[in-house]
Amino acid sequence: MRWEASGVVLDPWNGSGTTTLAAQHLGFQSIGVDRNPVANVIARLRSDAGRCTGDIKRPPKPRTRDTERFRRDPLAAWFDAEAIARIRDWHRVIKKLDVDLYTIGMVALFRAVRSLTKSFEGSNPTWVKRAKEESSLIYLDYSEVDLAVEREIYFVSSRAAEHPKYSAPITLIGGDSSALPIADERIDVVLTSPPYLTRIDYAVAYTRELAILGIDISSDRRLRSGLMGTTLIRREDSLDLSALGGAGKSLLERIAQHDSKASSGYYLKQARQYLDDLTAGFDQLNRVCKRKATVHLVIQDSFYKDVPVPLAEICIEESRARGWDLELQERFEVRRSLTALNTAARAYKKGDVEESVITLRRG
Ligand SMILES: C[S@@+](CC[C@H](N)C(=O)[O-])C[C@H]1O[C@@H](n2cnc3c(N)ncnc32)[C@H](O)[C@@H]1O
């Protein structure tokens with residue numbers, strides 16, 4: 001399809017890039033922002049990699065080398081030094097490729113490491129364990145690593161080759177929704193789903209992929225603490241309670257008054273931090289959207305223990321406070337919500353969870 005539709009589509013929490021991909025299919029220019037670098041690699045693969053040609057060549061056979069330094073590698077949480085050395089050989093080769101082949105190579109490496117470390121996954125797929133002692137590490141020689149990576153390269157490139165090719169440009173940016181690197185009044189349409197207040201930590205969910213990129217979230221807290229919905233508390237938040245709508249305020253009050261442990265301490269702080277990030281995101285959307293721009297949000301309500309978290313209502317309030325109009329709200333019942341992944345929270349009786357699709361228009 002030729003790139004012909006006018007207007008720029010934005011997703012400030014782009015994740016694996018469903019919005020940017022859909023915009024491209026429809027011929028719209030689009031911008032996807034995500035603070036997690038892994039998300040942007042995956043979004044790039046889904047959008048562009050079908051255009052690539054060429055092979056990813058296996059790294060030369062390793063000579064004897066000092067594997068000692070790999071013990072400090074972020075991948076040392078799961079692999080012994082020999083296996084890490086070979087994964088790093090592959091990473092070095094992939095880093096030198098042009099962007100499309102790089103994307104295929106990186107996603108293949110992500111998949112290979114995921115499948116090799118499957119035994120470290122628990123019942124909660126967003127929480128991966130680490131080896132407690134040396135004997136539980138994964139020991140592999142270089143040819144076993146090669147086999148796993150090459151199998152995934154084959155899989156990912158054959159899938160990418162099936163992608164239809166579109167010409168509308170996608171810009172993927174590693175950035176923060178509270179400080180969008182986008183000029184004022186640039187955006188015509190926002191289509192997004194903000195991270196929810198479900199205590200699902202996106203950085204933790206991608207620990208292994210981030211380790212491949214050289215980020216060890218257990219020692220470097222910057223990425224994890226910067227993500228919305230994180231379970232790490234940064235510092236005092238700057239939430240302006242007087243500007244917060246009734247649904248947001250009442251949620252904070254109900255959490256503060258909940259009789260379970262740490263509700264009035266840690267959990268209240270976490271919810272405040274989340275609302276601080278959410279409202280900062282709305283301020284940014286208000287800044288980057290053109291007048292009369294449309295904003296489509298997909299939002300799931302959730303629960304804090306047995307307290308409903310009416311996120312859709314909170315978002316509508318925040319939009320109205322910025323002079324936007326609600327044009328449409330459609331509600332759907334959700335069968336399998338993200339809240340259900342949080343095993344500790346299952347002890348509380350909850351009602352059904354609703355998902356809303358909301359269309360707003362900037363004033
Ligand atoms: C795909 S979206 C939302 C999906 C769904 N609403 C949920 O909560 O699971 C979530 C994305 O937002 C990203 N994200 C979290 N905090 C962010 C921030 N401060 N700035 C930009 N992106 C962020 C995460 O990395 C993740 O990819």
Side-chain angles (χ1 to χ4, degrees), residues 10-23 30-47 107 110 124-127 171-182 190-210 213 215 217 221-234 237-239 270-271 273-285 287-288 295-304 309-312 314-315 332 334 336-342 345 353-358:
L10 166 70
D11 189 339
W13 296 287
N14 196 40
S16 58
T18 303
T19 298
T20 39
L21 182 64
S30 63
I31 303 176
V33 177
D34 204 288
R35 183 139 184 194
N36 181 353
V38 175
N40 287 338
V41 174
I42 298 169
R44 169 68 58 208
L45 174 76
R46 293 178 72 204
S47 66
V107 174
F110 292 163
N124 177 346
T126 67
W127 198 271
T171 308
L172 296 169
I173 307 176
D176 194 322
S177 53
S178 355
L180 289 174
I182 298 173
V190 173
L191 172 56
T192 191
S193 174
Y196 306 142
L197 184 52
T198 37
R199 305 181 38 69
I200 301 290
D201 235 305
Y202 288 99
V204 176
Y206 288 105
T207 316
R208 290 165 288 180
E209 289 82 354
L210 289 167
L213 295 176
I215 302 170
I217 62 157
R221 293 159 69 96
R222 281 169 300 178
L223 173 70
R224 191 173 158 210
S225 73
L227 291 175
M228 253 180 92
T230 178
T231 52
L232 291 184
I233 306 296
R234 282 169 227 146
D237 60 73
S238 54
L239 181 69
Q270 202 239 346
Q273 177 170 286
Y274 173 83
L275 291 177
D276 195 13
D277 289 345
L278 184 73
T279 50
F282 271 89
D283 284 340
Q284 289 293 300
L285 291 183
R287 178 181 67 74
V288 301
V295 178
H296 306 276
L297 303 176
V298 179
I299 301 175
Q300 253 183 43
D301 292 342
S302 58
F303 281 87
Y304 165 71
V309 177
L311 191 55
I314 293 174
C315 288
F332 303 89
V334 179
R336 200 170 172 278
S337 72
L338 282 173
T339 314
L341 290 179
N342 188 340
V353 171
E354 239 181 31
E355 184 163 72
S356 294
V357 179
I358 295 168

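All ligand and atom numbering here is 1-based and tracks the order in the structure. What you see below is based on every heavy atom in this structure, not just the backbone, and it leaves out hydrogens, waters and symmetry mates.
- Ile217 is linked by a side chain to side chain contact (heavy atoms under 4.5 Å, CB included) to Ala203, Val204, Thr207, Leu210, Ile215, Arg224, counting only residues two or more places apart in sequence or in another chain.
- For ligand 1, the polar-atom distance check against Asp176 finds a nitrogen or oxygen pair separated by under 3.5 Å.
- Within ligand 1, the atoms closer than 4.0 Å to a non-hydrogen atom of Asn36 are 25 (O), numbered from 1 in the order shown.
- Looking only at atom types and distance, the side chain of Ser177 has a donor-acceptor partner in the side chain of Trp13 under 3.5 Å away.
- Annotation for ligand 1: atoms under 4.0 Å from non-hydrogen atoms of Gly226 are 19 (N).
- Residue contacts with ligand 1: Met228 is placed with a nitrogen or oxygen under 3.5 Å of a nitrogen or oxygen of the ligand (distance criterion only).
- Checked against a 3.5 angstrom limit, the closest N/O atoms of Trp13 and ligand 1 fall outside it.
- Only the side chain of Tyr202 comes within contact range of ligand 1, with a heavy atom under 4.0 Å; no backbone atom does.
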Would you sort out whether Val334 and Glu354 count as a side chain to side chain contact (heavy atoms under 4.5 Å, CB included), showing the intermediate values?
CA-CA 6 Å; Val334 179; Glu354 239 181 31; 5.8 Å; no
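- Thr20 and Asn14 form a side-chain donor-acceptor contact under 3.5 Å, judged by distance and modelled atom types alone.
- Note: no N/O pair closer than 3.5 Å links Pro195 and ligand 1 by distance alone.
- A distance of 3.5 Å separates OG1 of Thr231 from CG of Asp201, quoted to the nearest 0.5 Å.
- Atoms of ligand 1 lying under 4.0 Å from at least one heavy atom of Ser177, given by number and element, are 18 (C), 19 (N), 20 (N), 21 (C).
- Summarising the geometry, atom CZ belonging to Arg35 is positioned 12.5 Å from atom CG belonging to Asn40; distances are rounded to the nearest 0.5 Å.
- Interface atoms of ligand 1 facing Pro12, defined by a heavy-atom separation under 4.0 Å, are 21 (C), 22 (N).
- If you take CD on Glu209 and CG on Asn36, they are separated by 8.5 Å, rounding to the nearest 0.5 Å.
- Classification of Arg234 and Asp276 as a salt-bridged pair fails, no side-chain N sitting under 4.0 Å from a carboxylate O.
- Below 3.5 Å of separation, one finds no N or O of Ser178 facing any N or O of ligand 1.
- Closest heavy-atom approach to atom 21 (C) of ligand 1 within the set Gly15, Ala203, Gly175, Ser193: this belongs to Gly175.
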